[in-house]
Amino acid sequence: ESVVLRYALKMAGLVAIYAPVTWRSQEIRQVLEKAHARHLVAPPLFHRLDFQAMAAELRREFPELTSVFVPGPAWDRLTQSPADNASWLL
């Protein structure tokens with residue numbers, strides 16, 4: 001999943017700042033403040049941590065976050081499908 005995301009961001013010309021999924025709101029908040037980020041990509045859940053709720057909270061605090069992307073079932077199907085379904089990456 002990370003490779004697909006990194007490739008898509010690079011192709012879109014976006015500068016990405018990667019944060020470990022072990023970081024919580026406070027650490028992500030510091031990154032958002034320093035980077036003046038406008039977009040946030042977060043996993044929906046990781047080890048029972050609700051990143052979608054955290055992203056919603058951060059979006060309320062940072063009005064400059066114009067978009068928050070939390071992958072859903074379509075992303076899961078794309079990243080877990082056989083290699084023949086990933087031919088669009090070429």
Side-chain angles (χ1 to χ4, degrees):
E1 296 172 352
S2 176
V3 172
V4 173
L5 178 61
R6 288 173 190 238
Y7 183 76
L9 293 172
K10 180 178 171 87
M11 294 304 293
L14 299 173
V15 175
I17 299 170
Y18 301 99
V21 291
T22 56
W23 284 9
R24 302 294 181 270
S25 327
Q26 186 58 37
E27 291 90 359
I28 300 297
R29 188 175 287 110
Q30 291 174 357
V31 170
L32 294 174
E33 286 173 353
K34 292 180 184 194
H36 304 284
R38 294 183 297 172
H39 310 284
L40 177 66
V41 178
L45 291 169
F46 183 77
H47 291 285
R48 293 189 241 164
L49 297 172
D50 189 352
F51 282 91
Q52 187 168 1
M54 181 180 72
E57 172 191 329
L58 291 169
R59 190 168 192 188
R60 285 190 296 274
E61 291 179 40
F62 294 91
E64 63 272 15
L65 272 177
T66 57
S67 62
V68 173
F69 176 71
V70 178
W75 177 263
D76 293 339
R77 285 191 303 275
L78 172 68
T79 58
Q80 295 174 2
S81 58
D84 61 350
N85 289 338
S87 61
W88 60 272
L89 290 173
L90 301 176

Nearest 0.5 angstrom please: [X] [atom1] to [Y] [atom2], how far?
{"X": "Phe62", "Y": "His36", "atom1": "CZ", "atom2": "NE2", "result": "10.5 Å"}
{"X": "Leu14", "Y": "Arg38", "atom1": "CG", "atom2": "CZ", "result": "8.5 Å"}
{"X": "Ile17", "Y": "Leu9", "atom1": "CD1", "atom2": "CG", "result": "11.5 Å"}

What heavy-atom pair brings [X] and [Y] nearest, and what distance separates the two atoms?
{"X": "Ala55", "Y": "Leu40", "value": "CB-CD2, 4.0 Å"}
{"X": "Met54", "Y": "Ser25", "value": "SD-N, 3.3 Å"}
{"X": "Trp23", "Y": "Phe51", "value": "O-CE2, 3.9 Å"}

Answer yes or no: is there a side-chain heavy-atom contact under 4.5 Å between Arg29 and Glu57? yes

Is there a donor-acceptor pair under 3.5 Å between the side chain of Gln30 and the backbone N or O of Glu27? no

Does Arg59 use its side chain to pair, donor to acceptor, with the backbone of Thr66 at less than 3.5 Å? yes

